[in-house]
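Since the structure comes first, as structure tokens, the remarks are kept for the end.
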Amino acid sequence: MAMLQVNNVEVRYQGVILVLRGVTLEIDQGHMVCLLGANGAGKSTTLKAISGLLYTEEGEVTDGSITFEGERIDHKHCQEIVARGIVLVPEGRKVLEHLTVEENLLAGALYRKDMDGIKNDLEKVYHYFPRLKELRQHTSGYCSGGELQMMVVGRGLMGHPKLMLLDEASMGLAPFLVREIYEIIRRLNAEERITMLVVEQNARAALEFCDYGYVMENGRVVMDGPAAKLRDNEDVKEFYMGLTEVGRKSYREVKHYRRRKRWLG
Ligand code: ATP
């Protein structure tokens with residue numbers, strides 16, 4: 001059985017705005033999977049639904065189910081979901097700017113009581129992100145975009161996740177930093193066995209580092225398959241990687257989206 005199963009999930013905001021229209025996806029333990037799609041496709045909403053955070057925006061799962069390690073979590077409180085091992089690293093790199101880097105990292109362990117485990121995980125964060133160790137006593141507000149991204153991933157690790165949900169880690173970062181951060185995320189996946197679900201607009205980076213991908217459009221999954229196959233798919237190249245024979249096309253420029261194959265497996 002898959003570690004995470006999202007079955008035909010429908011999400012509404014404020015009781016009326018239907019945003020997810022039956023999303024189905026699954027992730028096996030130990031895999032690194034990406035969720036691709038244009039602005040507004042519903043990627044962040046999917047992550048919020050899994051992590052129990054929809055209520056903060058007056059949203060709720062109104063149909064379908066979400067199962068983690070065999071148990072329903074779709075109407076559980078976010079704190080219980082974190083305790084089960086699902087940690088969301090939200091987009092936007094928000095940190096408590098007046099606190100130090102280390103204090104921000106420790107904020108990720110707020111609900112834990114195992115002091116030895118917290119200490120070990122802090123050392124683990126510094127092992128994977130040596131730059132954060134150098135900056136541990138620095139005020140977070142002075143950190144660069146790349147350092148902030150490392151910090152929010154590190155803060156997520158302090159929750160000791162089995163499954164990490166990572167929203168737009170590459171946004172606004174220079175390509176070499178995107179690569180550096182994804183290389184570390186891939187190592188965390190391989191060495192620490194943390195299962196990863198990565199939301200990205202940067203399809204190129206995501207498909208290079210992930211094993212498998214889902215593509216969302218208008219609140220639905222329209223395509224999925226192994227990353228290598230998605231990389232070679234003409235629609236993915238055209239809409240999400242900007243690679244076409246006639247030059248870069250935006251999604252809007254193409255009126256008829258030919259769905260070649262929903263399943264590429
Ligand atoms: P982006 O990359 O721009 O964040 P996304 O694929 O993550 O896009 P979502 O943020 O999930 O998409 O948004 C999907 C749709 O839901 C959009 O049309 C958005 O306007 C709408 N939406 C998101 N949050 C809310 C909210 N709190 N209330 C009402 N509508 C919302």
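All figures in this text were calculated on a predicted structure; none of them were measured in a lab. FYI, the numbering just counts along the sequence from 1. All ligand and atom numbering here is 1-based and tracks the order in the structure.
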> Using a 4.0 angstrom limit on heavy atoms, which residues are close to ligand 1?
Replying inline: Tyr13, Gln14, Ile17, Val19, Ala38, Asn39, Gly40, Ala41, Gly42, Lys43, Ser44, Thr45, Glu57, Glu91, Glu168, Gln201

> Just how far is it from atom CD of Glu192 to atom NE2 of His127, taken to the nearest 0.5 Å?
Replying inline: 7.0 Å

>> Parallel, tilted or perpendicular, judged at 30° and 60°: which one describes the rings of Phe209 and Tyr182?
In response: parallel

> Between Tyr126 and Tyr128, does the ring centre distance come in under 6.0 Å?
Replying inline: no

> Between atom CD of Glu200 and atom CG of Leu166, what is the distance when rounded to the nearest 0.5 Å?
Replying inline: 7.5 Å

> Would you call Glu183 and Arg186 a salt bridge, using N to O less than 4.0 angstrom?
Replying inline: no

> Between the side chains of Asn7 and Thr24, does any donor sit under 3.5 Å from an acceptor?
Replying inline: no

